[in-house]
Engineer: 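I'd like to ask you about the structure that follows.
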Protein chains: 2
Amino acid sequence: MKENIEKLRGRGLKVTPQRLAILEIFKRDRTHPSAEKIYKKISGKYPGMSFATVYNTLSKLVETGEIQELDIDPDKKRFDPYTPMHYHFYCKRCKKVYDIDYGGSFAPDIKKIRGHQIDSIQLNFKGVCEDCIHQRGGRRP
Amino acid sequence: MKENIEKLRGRGLKVTPQRLAILEIFKRDRTHPSAEKIYKKISGKYPGMSFATVYNTLSKLVETGEIQELDIDPDKKRFDPYTPMHYHFYCKRCKKVYDIDYGGSFAPDIKKIRGHQIDSIQLNFKGVCEDCIHQRGGRRP
DNA sequence: TTGGATGCAAAAGATTTGCACTCCC
DNA sequence: GGGAGTGCAAATCTTTTGCATCCAA
């Protein structure tokens, strides 16, 4: 709790119960949830949370670098609160996003390419995840 | 022309004027166009092309591997007919997508990670492109 | 001939916006 | 007190779908 308050203050954002609830979700949820999933999780326990606030807060958190927006799910935006360098695997069948730890196999510290200023890098793998391959119930999103 | 006909036949797809028009666009357009941009370009010269057909054809071309769907523009899907291994840079300001040639700096030939079957890999860089940095009219999408 | 393609318009999703109200600092 | 944040609903934008018609093989 205190931790989340500090995160917001540190980013220059006002502390509100809605924002704390969203950060709390991220602390437990490593599934790279979409805005809708976050909204549903919260509105279950915390009535009086609107879509607008979820989107609003998420974009503030992305802007300030507290979380990252992933471009990996072709259907919707996914969000990741885990900021150390790592990659992602997206299962086309169950739509789960897995973290892939950074193995140091390429140079992610590039700051410029051909005159373009680089702010972020995403390495995305797509395919079928182990659970889905073995049909262990990983098939449903 | 003949080239495009062969591409479709080779993929087991029926040859229609609409599909040829779309392939023709890709032959000239290296801007990684979205479905809407393709639709607009064609409906200018070729009235009687519907959105449905554009989406339909694009998904067939993606399914068969003739083109690639990029997850790099947070707003919409972009398509790339250039299939050799390469990466992409997305300018947050002008929304252009640039090809970045593959320099062999990491191993893109992985077929499996932790039991997950890998079908495709995308390495995406995001930031501000050279034109936008120097405000050479690259700012408008 | 015949199943795949197309066109149209409506529908479905995801995300954004306008605006009045609220409450954090 | 003031401005950022919130809630609600409507709007926007992208993509999908249903279905009748059409046409390439």
Side-chain angles (χ1 to χ4, degrees), chain A residues 1-2 4-23 32-43 46-64 66-67 69-79 92 95 97 141, chain B residues 1-2 4-23 32-43 46-64 66-67 69-79 92 95 97 141:
Chain A
M1 272 302 135
K2 200 163 291 181
N4 291 336
I5 292 178
E6 279 159 21
K7 277 185 185 169
L8 290 171
R9 291 240 164 87
R11 302 288 180 179
L13 300 172
K14 282 192 180 171
V15 177
T16 69
Q18 291 86 343
R19 290 179 173 176
L20 291 174
I22 290 174
L23 287 178
H32 311 82
S34 63
E36 198 204 4
K37 187 172 175 190
I38 291 169
Y39 171 73
K40 281 188 179 159
K41 273 202 167 189
I42 294 180
S43 54
Y46 184 126
M49 163 66 100
S50 71
F51 260 116
T53 298
V54 173
Y55 278 102
N56 226 316
T57 297
L58 288 174
S59 67
K60 281 277 188 296
L61 294 175
V62 169
E63 267 172 42
T64 58
E66 181 61 39
I67 65 174
E69 181 183 306
L70 304 182
D71 300 303
I72 191 170
D73 183 334
D75 296 329
K76 58 187 79 152
K77 289 175 187 163
R78 309 279 290 249
F79 298 89
K92 293 189 265 191
K95 305 191 176 177
V97 173
Chain B
M1 273 305 133
K2 200 163 292 181
N4 291 337
I5 292 178
E6 279 161 21
K7 277 184 184 169
L8 291 171
R9 292 240 164 86
R11 302 289 179 176
L13 300 173
K14 282 192 181 174
V15 177
T16 68
Q18 292 85 343
R19 290 179 172 177
L20 291 174
I22 290 174
L23 287 179
H32 310 81
S34 64
E36 197 204 4
K37 186 172 176 190
I38 291 169
Y39 171 72
K40 280 189 179 157
K41 274 203 166 187
I42 294 180
S43 54
Y46 184 127
M49 163 67 98
S50 72
F51 259 116
T53 298
V54 172
Y55 278 100
N56 223 316
T57 297
L58 288 174
S59 67
K60 282 276 188 296
L61 293 175
V62 169
E63 267 173 41
T64 58
E66 181 61 39
I67 65 175
E69 182 182 307
L70 305 181
D71 300 304
I72 191 169
D73 183 334
D75 296 329
K76 59 186 79 155
K77 290 175 185 163
R78 308 278 291 248
F79 298 89
K92 292 189 265 191
K95 306 190 176 178
V97 174

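Atom set for the values below is all heavy atoms of this structure, side chains included, hydrogens, waters and symmetry mates excluded.
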Engineer: Tell me every residue that passes ring pair (Phe, Tyr, Trp, His ring centres under 6.0 Å) with B/Y39, counting only those two or more places apart in sequence or in another chain.
Structural biologist: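 B/Y39 satisfies ring pair (Phe, Tyr, Trp, His ring centres under 6.0 Å) with B/F51 once adjacent residues are dropped.
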Engineer: Evaluate side chain to side chain contact (heavy atoms under 4.5 Å, CB included) for B/D75 paired with B/K95, printing each intermediate quantity in order.
Structural biologist: CA-CA 10 Å; B/D75 296 329; B/K95 306 190 176 178; 3.1 Å; yes
Engineer: Does the side chain of B/T53 get closer than 4.0 angstrom to OP1 or OP2 of C/dG7 through an N or O atom?
Structural biologist: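 It does, given that an N or O in the side chain of B/T53 lies less than 4.0 Å from OP1 or OP2 of C/dG7.
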Engineer: Below 4.5 Å, heavy atoms only, C-beta onward: do B/H32 and B/F79 meet side chain to side chain?
Structural biologist: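 When only atoms from C-beta onward are counted, B/F79 and B/H32 do not touch, as no gap falls below 4.5 Å.
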Engineer: Between P on C/dA5 and CD on B/E63, what's the gap in Å once rounded to a whole number?
Structural biologist: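 Going from CD in B/E63 over to P in C/dA5 covers 10 Å.
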Engineer: Taking the side chain from A/R78 and the backbone from A/L70, do they hold a donor-acceptor pair closer than 3.5 Å?
Structural biologist: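 Here the side-chain-to-backbone pair does not exist.
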Engineer: Test of understanding: with salt bridge (Lys or Arg N to Asp or Glu O under 4.0 Å), list the residues that count as partners of A/K76, not counting sequence neighbours.
Structural biologist: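 A/K76: no salt bridge (Lys or Arg N to Asp or Glu O under 4.0 Å) contacts found.
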Engineer: Does the side chain to side chain contact (heavy atoms under 4.5 Å, CB included) test come out yes or no for A/E69 and A/L58, once each step is laid out?
Structural biologist: CA-CA 9 Å; A/E69 181 183 306; A/L58 288 174; over 6 Å; no
Engineer: Could you give the side-chain donor-acceptor pairs of residues 7-17 of chain A under 3.5 Å, partners two or more places apart or in another chain?
Structural biologist:
unit_1: A/R11; atom_1: NE; unit_2: A/E66; atom_2: OE1; d: 2.8
unit_1: A/R11; atom_1: NH1; unit_2: A/T64; atom_2: O; d: 2.6
unit_1: A/R11; atom_1: NH2; unit_2: A/E66; atom_2: OE1; d: 3.2
unit_1: A/T16; atom_1: OG1; unit_2: A/R19; atom_2: N; d: 3.2

Engineer: Which angle, rounded to 10°, do you find between the first-five-pair axis and the last-five-pair axis of the helix from C/dT1-D/dA25 to C/dC25-D/dG1?
Structural biologist: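 The value is 40°.
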Engineer: Mind checking side-chain contact (heavy atoms from CB on, under 4.5 Å) for A/K41 and listing every partner two or more places apart, or none if nothing turns up?
Structural biologist: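 Scan of A/K41 (side-chain contact (heavy atoms from CB on, under 4.5 Å), adjacent residues dropped) gives A/I25, A/D29, A/K37.
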Engineer: Between P on C/dC24 and CD1 on A/I5, what's the gap in Å once rounded to a whole number?
Structural biologist: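 Computing the A/I5:CD1 to C/dC24:P distance gives 12 Å.
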Engineer: Test: side chain to side chain donor-acceptor pair (under 3.5 Å). Region: residues 51-61 of chain A. Which pairs qualify, not counting sequence neighbours?
Structural biologist: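 Listed by first then second residue: A/S50-A/T53.
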Engineer: List the protein contact pattern of nucleotides 8-15 of chain C with one symbol per nucleotide (5' to 3'): B for base contact, S for sugar-phosphate-only contact, - for none; contact means a heavy-atom distance under 4.0 Å.
Structural biologist: B-----SB
Engineer: Look at B/Q18 and C/dG7 and indicate whether a side-chain polar atom (N or O) is within less than 4.0 Å of OP1 or OP2.
Structural biologist: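 Yes.
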Engineer: Anything under 4.0 Å to a heavy atom of chain B counts; send over the first and last such nucleotide of DNA chain D, read 5' to 3'.
Structural biologist: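 Both ends considered, the range comes out as D/dT14 to D/dA25.
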Engineer: How many angstroms lie between CG in B/L61 and CD1 in B/I67, if you round to the nearest 0.5 Å?
Structural biologist: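 Answer for the CG-CD1 pair, B/L61 versus B/I67, is 4.5 Å.
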Engineer: What pairs with A/E36 under salt bridge (Lys or Arg N to Asp or Glu O under 4.0 Å), at least two apart in sequence or on another chain?
Structural biologist: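 A/E36: salt bridge (Lys or Arg N to Asp or Glu O under 4.0 Å) contacts with A/K40.
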Engineer: Closest-nucleotide mapping onto DNA chain D: is A/P17 or B/L13 further toward the 5' terminus? I mean the 5' end.
Structural biologist: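 Looking at DNA chain D, the more 5' nearest nucleotide goes with A/P17.
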